[in-house]
Amino acid sequence: MSVPDKFLKPYNPNSVEDGLYKMWEDSGYFNPDNLPKISGEARVETWCTIMPPPNANGRLHAGHGTDLTLKDIMTRYHRMVGKKTLMLPGSDHAGFETQSVFEKKLQKEGRSRFGMSNNELYSEIYDFVMESKHIMEGDVRKLGTSCDWSRNTFTLDDHVVSGVKDTFKKMYDDGLVYRGKRSIHWNPKFKTSLSDIETKFEDRKDPFYYFQYGPFVIGTSRPETKFGDKYVVMHPDDKRYKDYKHGDTFECEWINGKITATIIKDEAGDPEMGSGVMTITPWHSQVDFDIAQRHNLDYEQIIDWDGKLMDIADEFAGKKIHMAREDIVKKLDDKGLLVKVDKDYEHAVRICERTGVVVEPQIKDQWFIKMEPLAKKVLSALDNGKVKILTSKHENMLRHWMNNTIDWNISRQIVWGIQIPAWFKNKGTKDEEVIISKNKPDGEGWEQDVDTFDTWFSSGQWPLMTLGYPDSKDMEYYPTTVMETGADLVFKWVPRMIMFGTYLTGKVPFKTVYFHGMVLDAKGKKMSKSKGNTLSPIELAEEFGTDATRMSFVVSNAPGADMPLSQDKVRAYKKFANKIWNITRFILTETDDIDINTKPTLTDTDVKLLSELQETADFIADHIERYRLDLAADKAYHYIWHELADNILEASKDILKVDDSEAKLSRQYTLYTILVTTLKMLHPFMPFITEEIWQSLPHKESDMLMVAQWPVVE
RNA sequence: GGGUGUUUAGCUCAGUUGGUUAGAGCGACUCGUUUACACCGAGUAGGCCGGGGGUUCGAAUCCCUCAACACCCACCA
């Protein structure tokens, strides 16, 4: 036979990738139930990874590219080794994130959610998400991801919603869930509460005011919260105030007339700070709320849910807080109570991570999860080695966080999510009744809580829900083998999965956690849309080919370390793909007359070459198993280019000139074996070109490289 | 303020438990169009392995210390 014409032209990824992916998908081999036997034996040992649900509200970015590439490399390798291999795809509704993306879209269209009913809003977001979900699944395919689409799961699928509600009920019955008034982070623009990890601090420079408050001087950057302040707090050991006793009261002139203030001695008062005396606003400050709780003090709301001052502010009522601030200061100044102003005061302000809105602490009835008993389970799983985190840096971070965690607010005041299955009767009265149930309780007057779960409440149960907990046959894949994900999820997602997994099943959800770092731009800077330095994995794949793109995501991407990415890097691997193409052309041309089933007597050199070949395959296998995919990929690259092409092929030219010689027959057999073996060991990294070549081989052991056996050179 | 990491060639990074002369890619330079490949080949230059101290027969590797950078957490009345 002669060498196919396609090898006479450079490799063109775009013309073959879609067809190859369709061939794989149509074969059914992505589904482990359909995998063929390996070396005549049924596959027994399972290997499983669950895809972190990409948020169903946009295109894939470089982080997803890394994620999918690393996971798919491992998946393809273990499939070839003979494991019952499952990579399970899915997507996340991403509650608040998606709703804020959608609301921005509404805003651009000149609309707002506040004119819509909850049902209308939900259904519009649903349509929006289904559309982007479809596009994103196309992107996942484009990257060659060999996941089992028949098990594709969405966090709002009926069985997931139902399972998540069951978990909530079980936790409630076990006393791990409680409802209570707590100081929460409130986003006044989007009108929802947020958990700690959905907020971040931003450095600001604001004026800092000192006011006379009776006999004391107090300082604040937020005069607008001070209307209701009637407690002065100082450290019990502060000698300057030893004549004042806890509980003493005094009268003083304040913003809107005379008030009665009470002295509170509490260690929260920092003697080093200003005068060492402060007033507190428990409704609008977490720290103040804690002090108020300790001493059983009153608290009163000053700022409403829209961020406007309430009636207590008299003439300022109804004003937005930042509008009223200067007027309030002026009024106090006119009364002679303004002592001084520090105009260059630098402090950190808590803002909403997603929207940048300044968070207003508020007090609200919310559902909480008691974290301590669950955190203990996570820590003991780490101590016992049930879960291994590959990077000590992240393990340390995780341990520290779990040791200091606070109760988790899981209610969100948004419609886009799973509605909390709590039913109230006579809500807000002293006869209030609560029932936790998936269905409406019998009898009149029951109304369901309108709040939805924090999105991490459902994604925390992802490995369980995707595998059909509690009783699906797929639970044989639980615990899954490895969770590979971005380091930004070290608190948000990973510990929550371990918590829910150990709580519900007594077993961890995965044995190994592999955190990859961030993809940076060529200069080592964070990629961000606003800087315009992002690289889209899809665009890279279209320009340079998916295989080249995948290689650039894995090479020099050590676990836990950030990785710079540039077009030049991808271009280099495009050249590599072409190199492989030409190696194939050479070998097929030189071996098209041989009978591969008849093994010739091999020369000593060729025996050595085959043994080095096996060593290379073993090195790659070993490093994949030890999660050093970067070194495995690099090894394949170097072997192929600098050993096979530069040395073996060059040396073969002379040998092959001598027709019918034993050396030639030996070398032909060796070259063909090297080609076949090389395709196998490169396949996990560069699935498309290797499969495309495999399909053109004159002799092959299986119809598809994807399910061929990992190299054992004989 | 607390913590965790990083620092190796111009750039980006490897370097496994201490063991000959510290490696690769990209970039630079020189030569080469020899039918697998110019999306190429052959070769060259370039490093007191962040500084200082210690342990050792021997240190890029282990310990101490300093510095710079990065990230995480907490807090700022």
Side-chain angles (χ1 to χ4, degrees), chain A residues 3 7-11 196-197 200-201 203-204 208-211 213 217-223 225-226 229 232-234 268-270 272-281 285-288 291 345-350 391-401 403-406 487-488 490-491 517-518 520 522-526 544-545 548 551-552 555-558 560-566 568-569 571-590 619 622-623 626 628 630-631 634-635 637-638 641-642 644-646 649-650 652-653 671:
Chain A
V3 177
F7 290 108
L8 300 177
K9 289 177 288 183
Y11 174 58
D196 290 49
I197 54 174
K200 61 179 183 184
F201 286 94
D203 290 326
R204 298 262 176 108
F208 191 79
Y209 306 95
Y210 292 91
F211 298 113
Y213 187 87
V217 173
I218 58 144
T220 183
S221 60
R222 302 196 60 200
T225 65
K226 295 285 150 194
D229 286 15
V232 276
V233 179
M234 60 204 68
D270 181 358
E272 305 290 316
M273 187 95 176
S275 62
V277 176
M278 63 178 173
T279 63
I280 57 169
T281 315
S285 155
Q286 199 139 20
V287 176
D288 295 1
I291 297 170
Y345 177 66
E346 285 175 21
H347 64 148
V349 176
R350 198 187 276 269
T391 35
S392 59
K393 172 182 173 179
H394 298 111
E395 177 170 348
N396 291 334
M397 278 162 59
L398 187 60
R399 280 178 181 276
H400 185 259
W401 192 71
N403 275 318
N404 296 285
T405 185
I406 58 168
D488 52 329
V490 64
F491 303 129
M518 252 183 316
L520 308 173
K523 291 174 192 153
K525 298 269 184 267
K526 265 190 199 179
F544 302 106
M551 280 299 272
S552 62
V555 175
S556 82
N557 187 359
D562 294 345
M563 182 193 71
L565 182 67
S566 63
D568 283 345
K569 185 175 179 188
R571 194 175 288 116
Y573 291 108
K574 184 187 171 164
K575 291 183 184 179
F576 178 55
N578 200 54
K579 190 78 181 174
I580 298 161
W581 199 245
N582 284 296
I583 288 168
T584 305
R585 174 176 164 191
F586 178 86
I587 294 182
L588 290 185
T589 309
E590 296 296 339
F619 179 98
D622 185 46
H623 282 77
R626 284 163 39 200
R628 288 307 302 266
D630 55 325
L631 300 180
D634 204 46
K635 183 74 174 183
Y637 176 89
H638 280 102
W641 200 308
H642 299 301
L644 177 55
D646 290 351
L649 255 46
E650 290 303 326
S652 298
K653 288 177 184 173
L671 285 178

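Quantities reported herein were computed from a predicted structural model and do not represent experimental measurements.
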Does C37(B) have OP1 or OP2 sitting under 4.0 Å from an N or O in the side chain of Trp641(A)?
no
What's the gap between A70(B) and G10(B) when it is taken at their C1' atoms, as a whole Å value?
22 Å
Partners of Phe7(A) by ring-ring contact (aromatic ring centres under 6.0 Å, His included), sequence neighbours excluded?
Trp581(A)
Among all residues two or more places apart in sequence or in another chain, which pass the side-chain contact (heavy atoms from CB on, under 4.5 Å) test with Thr225(A)?
Arg222(A), Thr281(A), Ile303(A)
I'd like the P distance from U12(B) over to U20(B), given in whole Å.
28 Å
Euclidean distance, atom CZ of residue Arg571(A) to atom P of C40(B) [Å, nearest integer]
12 Å
Report the residues that fulfil ring-ring contact (aromatic ring centres under 6.0 Å, His included) with Trp401(A), sequence neighbours left out, ordered by chain and then residue number.
Phe491(A)
Using the P atom in both, what is the distance from A67(B) to A59(B), to the nearest Å?
26 Å
Would you indicate whether the side-chain heavy atoms of Val3(A) and Thr584(A) approach each other to under 4.5 Å?
no
Could you tell me how far A24(B) sits from C64(B) if I compare only their P atoms? Round to whole Å.
33 Å
If we take the P atom in both G19(B) and C62(B), what is their distance in whole Å?
11 Å
Where do N or O atoms of nucleotides 33-36 of chain B meet protein N or O atoms at under 3.5 Å, pair by pair?
unit_1, atom_1, unit_2, atom_2, d
A36(B), OP1, Lys653(A), NZ, 3.2
A36(B), O2', Asn582(A), OD1, 3.1
A36(B), N6, Ala645(A), O, 3.1
A36(B), N6, Glu650(A), OE2, 3.2
A36(B), N3, Asn582(A), O, 3.4

Provide, to the nearest angstrom, the distance between the CZ atom belonging to Arg628(A) and the P atom belonging to C13(B).
14 Å
In whole Å, measure the gap between the P atoms of U6(B) and G15(B) for me.
11 Å
Spacing of Lys569(A) atom NZ relative to C13(B) atom P, expressed in whole Å:
9 Å
Verify the contact: side-chain N or O of His623(A) to OP1 or OP2 of U16(B), cut-off strictly under 4.0 Å; return yes or no.
no
Determine the contact category for Ile587(A): base if any of its heavy atoms lies under 4.0 Å from a base atom, sugar-phosphate if only primed atoms, P, OP1 or OP2 are that close, otherwise nothing.
nothing
Looking at every strand, decide which applies to His394(A) at a 4.0 Å heavy-atom threshold: base, sugar-phosphate, or nothing.
nothing
Checking Asp488(A) now: which residues fulfil salt bridge (charged side-chain N to carboxylate O under 4.0 Å, His left out) with it, not counting sequence neighbours?
none
Those residues at least two apart in sequence (or on a different chain) that pass ring-ring contact (aromatic ring centres under 6.0 Å, His included) with Tyr637(A) are Tyr573(A), Phe576(A), Trp641(A)
Atom-to-atom span, CG of Asp634(A) to P of A24(B) - whole angstrom
11 Å
Those residues at least two apart in sequence (or on a different chain) that pass salt bridge (charged side-chain N to carboxylate O under 4.0 Å, His left out) with Arg350(A) are none
Listed partners of Lys653(A) passing salt bridge (charged side-chain N to carboxylate O under 4.0 Å, His left out), at least two apart
Glu650(A)
Which is true for Tyr11(A) with a 4.0 Å heavy-atom rule: it touches a base, it touches only sugar-phosphate, or it touches nothing?
nothing
NZ of Lys635(A) versus C1' of U16(B): gap in Å, rounded?
13 Å
Could you tell me whether Val233(A) contacts a base, only the sugar-phosphate backbone, or nothing, with contacts defined as non-hydrogen atoms closer than 4.0 Å?
nothing
In whole Å, I'd like the distance from the CG atom of Asp630(A) to the P atom of A24(B).
18 Å
Contact nearer the 5' end of RNA chain B, comparing His638(A) with Ala561(A)
Ala561(A)
For a quick check of understanding: with a heavy-atom distance under 4.0 Å over all strands, which category does Asn396(A) fall into, base, sugar-phosphate or nothing?
sugar-phosphate
In whole angstrom, give the distance that lies between atom NZ of Lys226(A) and atom P of A77(B).
9 Å
Can you check the distance between G47(B) and A38(B), where both ends of the measurement are the P atom (answer in whole Å)?
35 Å
Which part of the nucleic acid, if any, lies within reach of Pro564(A) when heavy atoms closer than 4.0 Å are counted: base, sugar-phosphate only, or nothing?
sugar-phosphate
According to salt bridge (charged side-chain N to carboxylate O under 4.0 Å, His left out), who are the partners of Asp229(A), at least two apart in sequence or on a separate chain?
Lys226(A)
Mind checking Ser221(A) for me? I need base, sugar-phosphate or nothing, with any heavy atom below 4.0 Å counting as a touch.
sugar-phosphate
Using atom C1' in both nucleotides, what's the gap between G3(B) and C75(B) to the nearest angstrom?
14 Å
Checking Phe201(A) now: which residues fulfil ring-ring contact (aromatic ring centres under 6.0 Å, His included) with it, not counting sequence neighbours?
none
B/S/- contact track for nucleotides 69-74 of chain B, protein heavy atom under 4.0 Å
---SS-
Taking only side-chain nitrogens and oxygens of Tyr573(A), does any of them come within less than 4.0 Å of OP1 or OP2 of G25(B)?
no
Watson-Crick and G-U pairing of RNA chain B written in dot-bracket, each distance under 3.5 angstrom, with | for inter-strand partners:
(((((((..((((.....[...)))).(((((.......))))).....(((((..]....))))))))))))....
Find the distance Tyr637(A):OH to A24(B):P and express it as a whole number of Å.
12 Å
